[in-house]
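FYI, side chains are in, hydrogens and waters are out, and symmetry mates aren't considered; it's all heavy atoms of this structure. Numbers restart at 1 for each chain; the letters A, B, ... are given by sequence-line order, proteins then strands.
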Amino acid sequence: MIDVNVHYGNWPFQDLGFKSIDMLQKHLSENGITKALIYSADAIFAEDHSIPDAKLAAELKNNGSFIHVPAVNPLYKNWMKIVSSSKSDAVIVYPNFHKYELLSAENCEMAEYLSGHNITQIISLRIEDERAQHPSCLIPRIKIENLIEFAKKFPELRILCLNAYYGEIEALLKSTLNISVDIAFAEKFNTLEKLTGVMPADRILFGSHTPFFYTAANICKLKYADISSAVYELISEKNASNLFSKLR
Amino acid sequence: MIIDIHAHYPFGRASEFSENNWKPCELVKAAGKINIVHICLLGDVLRYGYYPTEEQIRETNDFTVDCIRKDPGHFSGFCFLNPDNNPEFIISEIDRCIRDEKCKGIKLEVSVNCRSPKLDIIMEKAREYNCPVLHHTWYKSIDKTEFESDPSDIAYLAKRHPKVRIIMAHLSGCGRRGILDVKPFENVYVDTSGSQAVAGIIEYAVEKLGAARIFFGSDAPCRDFYTQVGRITGADISSADREKILFKNAADLLNLRSL
C-alpha cells in the first residue's frame, strides 16, 4: 500500500509521537504501508521552511520507502531552487497557512513552471478539522471554487489535493481531470463505496494523514469498503504510482 | 464483537419506509462487516433542525421504537427530546419510550444548553428510570450553534445531578480540555463517536478517565463505521481496555451481556 499523506516532525497543537523516522516507518509497515510521501510538519509554521525540509531530506537520503516532498511557498524567492534540487517529482503547498491565494500571480507563475517540468503540485487543504483548531490560530478554509478555477487555468498541471472533505472531493473530481484526491478526511456512511459509485476511482488515492490521525482509521476505511479488488488496487497503490514516478 | 452506542438511522421520513424499503437494515449490513453486532439508535436528531416540535419529536421516536420492535437483536434505542418542549409532553414521552417501549436512555442535542434548568425534569426522570442521558457535546472554535453544549456545561450538569449517568458524546470534538472538564465527575462517561480520528485522544481518555468510562460510538450514518472502529483498534491501549470500550461497557449499560 502507498500512502500519499504522511507528515513527520512537530506540531504545536498535538503530540505527533514518532520520535524517529525508524519508528514512523515501523508503524506504517505494521499497517501494511510499504511506501509513502513524507512532508515536514515543522515546515508548515517555520519562517524558513527549507531548513526543516533539508533536515528531513537528509534523514531520508538513503530510504527507499519514503519519498520526501518539500514544501514551497511561491511568495518566497527560493521556490525554484527548492523545486529544482528536490529528488521527488512533487512539491507541497499550504496556501491557507502561508496566506496566499491559489490564483495569485506568484502561485500562477510557480504553477506554470511546475506544469512545464512535469512536477505535481500537492495542495494541503487543511491539517485539522476547522472546528477543532486552537481558537488563537484559526486557519481559513481554501475555497473549493478557487481551487477548481486554478486547476482549470493550468490543465496540464497535475494536482493532488490532500485532506478534502467528502463533499469537496465530489466537487473537485467532477470539475477537471487534472485533480486527484486522497481519502484521509473523507467520511460518510460507506465512504468509498459511495464515492466510487459516483466517481471513477482512478484519481482517488490512499492517504492516512499519519501521525495526525490514527493510521488504522483510514486503513479500515479502505479495507472494509464494499469495492472491487480492482478499485481497491487503484486506491491503495496504482493511482499513486501512476501519479508519482518515484513511487514506482 | 462491538456495540455501537451512538448511531442514527439513514435519512428519510418514517412514513417513507415500508416493509420492502426498511433502510435501517443497511446499517446492520454495513456494521456487520466489522463485527458491530448491536447498534444504539438515537433518532434522526437534526431532521427537523435544531428545535423540533413535540410532533416532530414523537415522529422521530416512533421510528426508533419501530426499529427496536422489528429487530431487537440488532437495535436498542434512546428517547430523543427537546427540553424546550412542554414539560408534560416531555414526561409523557419519556414514560412512553423508556417505560413502555423499552428504550434504554435519553438523547439530547442542541436545542437547549445543558446548563438550563429545563433539563431538570429530564434528569429526574432519568434518575427514576436509572437510565443514562447521552448529550451532544463539542468544543468548537467555529460553527458553534446557539445553545450547543460544551464539556464545561456537561460538568455543570453532572455536578447538579450526581446520581444520573451522563454520556458526553464526541470525544474528539471535546478534546483533552473536555476530558479534563469531566474527569472529576464519576457519573460522566464519553463516547468516541464522530469528528476526525485524531491520534492520541483515545490513549489520553483512557489515562485520565479509565477505559470503563469510554464507549465506542460511530455517529453513523453521518460517519463511516470502519473509520470510527479503526480509531479504537489503532490506539495504543491494552486489549482489555479495547474490549471494554468496544463491547463490555455498552453491554453492561444496555444489559446486553447475553450477546
Using non-hydrogen atoms and a 4.5 Å limit, figure out which bit of Asn31(A) sits close to chain B: side chain, backbone, both or neither.
neither
Against chain B, label His134(A) side chain, backbone, both or neither, depending on which of its atoms sit under 4.5 Å from a heavy atom there.
backbone
Nearest-0.5 Å distance, CG of residue Asn190(A) to CD of residue Glu26(B):
8.0 Å
Taking everything shown except Lys194(A) itself, do over 12 heavy atoms lie less than 6.0 Å from its NZ?
yes
What part of Glu130(A) gets closer than 4.5 Å to chain B, counting heavy atoms only: side chain, backbone, both or neither?
both
Interface moiety of Phe185(A) toward chain B, non-hydrogen atoms closer than 4.5 Å
both
Between atom OH of Tyr224(A) and atom CZ of Phe225(B), what is the distance when rounded to the nearest 0.5 Å?
14.0 Å
What part of Thr191(A) gets within 4.5 angstrom of chain B, counting heavy atoms only: side chain, backbone, both, or neither?
both
Classify the side-chain pair Glu187(A)/Gln228(B) by whether it contains a donor and acceptor separated by less than 3.5 Å.
yes
Engaged part of Pro211(A) at the chain B interface, taking heavy atoms whose separation is under 4.5 Å:
backbone
For residues 199-211 of chain B, give me every residue with a non-hydrogen atom less than 4.5 Å from any non-hydrogen atom of chain A.
Ala199(B), Gly200(B), Ile201(B), Ile202(B), Glu203(B)
Ser141(B) side chain to Ala132(A) backbone, donor-acceptor under 3.5 Å:
no
Looking at CZ of Phe212(A) and CD of Gln196(B), how far apart are the two atoms once the value is rounded to the nearest 0.5 Å?
13.0 Å
